[in-house]
Asks: 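Take this structure, written in structure tokens, and hold onto it; I'll ask about it next.
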Amino acid sequence: MSDYRALYRKWRPETFDGVCGQDAIIDILKYEVANNKLSHAYLFCGSRGTGKTSCAKILAKAVNCLDPQDGNPCCKCSACRSIEQGISTDVIEMDAASNNGVDNVRDMKDEIAFTPAELKYRVYIIDEVHMMSGAAFNALLKTLEEPPSYVLFILATTEYNKLPTTIVSRCQRFDFRRISTDAILKRLNQISEHEGIDLGEDGARVIARVSRGVMRDAVSLLELCAGSRRKIDADLVFSVVGSGNRDSAYGVIEAVMASNYSAIYSLVDDVVMNSGDLSVFWQEIIDSYRDIMVVKNSPKAKDYLDLTDAEYMRLSKLAEGITSARLSYHVSVLETAF
């Protein structure tokens with residue numbers, strides 16, 4: 001049996017210090033662990049791939065670690081190893097998408113009556129908790145408010161707005177934001193250097209942009225591109241993703257400005273014949289117009305936009321060739337038609 005692991009699993013952080021882009025949350029969790037000021041229930045909110053489940057597992061290790069290091073788990077003791085390997089009976093991971101009924105909560109309440117078998121805390125990690133039924137939430141309320149001292153709840157959700165306020169009020173809430181481009185770039189370069197992947201600067205930036213703040217997607221796309229066994233540049237990333245290449249979008253905008261209808265039809269035909277999604281292509285045109293507007297109105301546009309040097313130069317030329325009034329009109333027409 002192969003022991004190969006996907007890069008996003010191999011590079012999943014094992015300590016709080018390894019988590020990218022969530023510094024404020026990490027500082028608080030480390031402080032609480034180091035000073036034994038733990039809440040009985042945590043609520044991790046945010047979009048997918050931003051570190052919620054990773055932090056939940058790290059927190060489960062940290063509170064049970066036999067030799068914690070400034071709030072971080074040591075990852076060497078028997079408690080850390082058993083949790084990391086998924087063999088500890090005291091750390092229970094539940095997927096609320098498939099275990100969302102009142103019977104599942106009642107079973108959990110029966111288990112809570114018993115002290116942990118081997119660890120200091122019994123930790124329940126409930127992922128996608130917003131998918132629990134109303135009856136299940138009601139059954140969970142009392143236990144969540146006053147659990148035994150040896151029980152810790154960590155709830156994770158991508159849809160905070162679907163949670164009852166009675167559940168939210170009983171938890172310490174943390175909002176995980178999308179990870180910045182700079183943080184993703186730093187991580188991609190770190191992984192590439194360690195794994196021997198030839199990652200170009202433009203390729204890394206395009207991967208970061210296409211992933212839209214989701215570290216897991218960025219690392220998975222890096223691994224997919226690395227399968228080509230050649231230098232990962234912007235063109236390679238675009239060819240692997242199958243969308244996201246702005247060249248055609250810029251070409252359409254240039255053709256519109258020049259009233260070159262033949263070029264417009266040709267570019268759209270190329271997108272269709274290459275199995276491109278026209279709705280995605282339309283969104284790329286809208287995004288490109290947005291970027292032109294930023295470039296036209298801000299001298300620091302490059303600091304705000306995830307663009308390669310070539311893309312920025314091309315947008316600058318487009319911005320010079322259109323008035324602000326015409327630019328606003330084009331954007332309003334596109335948004336109305338989308």
Side-chain angles (χ1 to χ4, degrees), residues 20-24 46-47 49-50 175-190 192 199-215 217-218 221-222 225 231-239 241 243-260 263-264 267 271 279-338:
C20 296
Q22 309 295 348
D23 295 345
S47 56
T50 52
D175 292 305
F176 285 69
R177 62 183 183 180
R178 288 186 179 274
I179 302 170
S180 69
T181 298
D182 288 342
I184 292 179
L185 287 173
K186 183 178 179 180
R187 189 66 164 175
L188 291 177
N189 287 323
Q190 178 188 7
S192 298
L199 177 63
E201 182 179 347
D202 283 358
R205 185 162 293 279
V206 172
I207 290 175
R209 184 178 74 199
V210 171
S211 64
R212 297 184 180 273
V214 179
M215 183 66 76
D217 287 358
L221 181 54
L222 172 67
C225 293
K231 183 174 182 177
I232 300 175
D233 55 17
D235 290 338
L236 175 59
V237 178
F238 288 139
S239 66
V241 173
S243 65
N245 190 340
R246 296 283 180 88
D247 280 347
S248 296
Y250 296 161
V252 167
I253 296 173
E254 289 168 346
V256 168
M257 291 181 181
S259 299
N260 188 345
I264 296 173
L267 287 164
V271 172
S279 63
V280 173
F281 181 57
W282 193 267
Q283 184 61 58
E284 288 170 356
I285 296 175
I286 294 176
D287 291 345
S288 299
Y289 266 107
R290 176 207 61 197
D291 292 347
I292 293 172
M293 189 171 289
V294 175
V295 170
K296 190 170 185 65
N297 292 286
S298 174
K300 296 183 178 180
K302 196 171 182 181
D303 296 336
Y304 311 139
L305 304 175
D306 294 331
L307 300 171
T308 64
D309 290 339
E311 287 174 336
Y312 180 75
M313 292 299 296
R314 193 168 181 183
L315 280 182
S316 297
K317 291 181 180 179
L318 287 171
E320 291 174 1
I322 188 171
T323 65
S324 296
R326 189 182 182 193
L327 183 59
S328 297
Y329 173 71
H330 285 188
V331 171
S332 66
V333 171
L334 285 165
E335 289 180 340
T336 301
F338 186 59

Asks: Looking only at heavy atoms, what is the nearest atom pair of L327 and Y289, with distance?
Replies: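 The answer is CD1-CD2, 3.4 Å.
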
Asks: What are the two closest heavy atoms between A319 and V295, and how far apart are they?
Replies: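 For A319 versus V295, the nearest heavy atoms are CB-CG1, 4.1 Å.
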
Asks: To the nearest 0.5 Å, how far apart are CG in L318 and CD in E320?
Replies: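 Those atoms lie 9.5 Å apart.
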
Asks: For residues K231 and G200, report the shortest heavy-atom separation together with the two atoms involved.
Replies: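 Shortest heavy-atom separation between K231 and G200 comes out as CE-CA, 3.7 Å.
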
Asks: K296 side chain to I322 main-chain N or O, any donor-acceptor pair under 3.5 Å?
Replies: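 Here the side-chain-to-backbone pair exists.
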
Asks: For N189 versus A204, what's the shortest heavy-atom pair and its separation?
Replies: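 The pair with the smallest heavy-atom distance is OD1-CB, 4.5 Å.
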
Asks: Can you tell me how far CZ of R209 sits from CD1 of I184, rounded to the nearest 0.5 angstrom?
Replies: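 That separation rounds to 12.5 Å.
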
Asks: Does R205 come within less than 4.0 Å of E311, counting only side-chain N to carboxylate O?
Replies: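 The answer is no: the pair does not qualify as a salt bridge.
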
Asks: What is the minimum heavy-atom distance between S211 and D217, and which atoms define it?
Replies: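 For S211 and D217, the tightest heavy-atom pair comes out as CB-CB, 4.1 Å.
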
Asks: State, yes or no, whether a side-chain contact exists between Y250 and L315 at a heavy-atom distance under 4.5 Å.
Replies: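 Yes, close enough: below the 4.5 Å cut-off.
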
Asks: Using 0.5 Å steps for rounding, measure from the OG1 atom of T50 to the CZ atom of R178.
Replies: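 Taking OG1 in T50 and CZ in R178, the distance rounds to 8.0 Å.
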
Asks: What do you reckon, is OH of Y329 surrounded by more than 12 foreign heavy atoms closer than 6.0 Å?
Replies: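 For Y329, atom OH is not crowded (no more than 12 foreign heavy atoms under 6.0 Å).
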
Asks: Identify, with sequence neighbours excluded, every residue that meets ring-ring contact (aromatic ring centres under 6.0 Å, His included) alongside F176.
Replies: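 Counting only residues at least two positions away or on another chain, F176 forms a ring-ring contact (aromatic ring centres under 6.0 Å, His included) with F44.
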
Asks: To the nearest 0.5 Å, how far apart are CD1 in I264 and OG in S259?
Replies: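 The distance works out to 7.5 Å.
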
Asks: Judged by atom type as modelled, is there a donor-acceptor pair below 3.5 Å linking the side chain of S192 to the main-chain atoms of L188?
Replies: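 Checking the backbone N and O of L188 against the side chain of S192, a donor-acceptor pair under 3.5 Å is found.
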
Asks: Using the test salt bridge (charged side-chain N to carboxylate O under 4.0 Å, His left out), find all partners of R212 that sit at least two apart in sequence or belong to another chain.
Replies: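 Listed in chain order: D287.
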
Asks: Which heavy-atom pair separates V210 from L221 by the least distance, and what is that distance?
Replies: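 Looks like CG1-CD2, 4.2 Å.
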
Asks: Between atom CG of D202 and atom CG of L236, what is the distance when rounded to the nearest 0.5 Å?
Replies: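 Those atoms lie 12.5 Å apart.
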
Asks: Decide, yes or no, whether a salt bridge links E254 with R314 under the criterion of side-chain N to carboxylate O below 4.0 Å.
Replies: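 Salt bridge between E254 and R314, a charged N being under 4.0 Å from a carboxylate O: yes.
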
Asks: Other residues, nucleotides and ligands only: do more than 12 of their heavy atoms fall within 6.0 Å of CD on Q190?
Replies: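 Yes - once you tally the heavy atoms of other residues, nucleotides and ligands closer than 6.0 Å, there are more than 12.
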
Asks: With rounding to the nearest 0.5 angstrom, report the SG to CG distance, C20 to L185.
Replies: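 Interatomic distance, C20 SG to L185 CG, rounded to 0.5 Å: 11.0 Å.
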
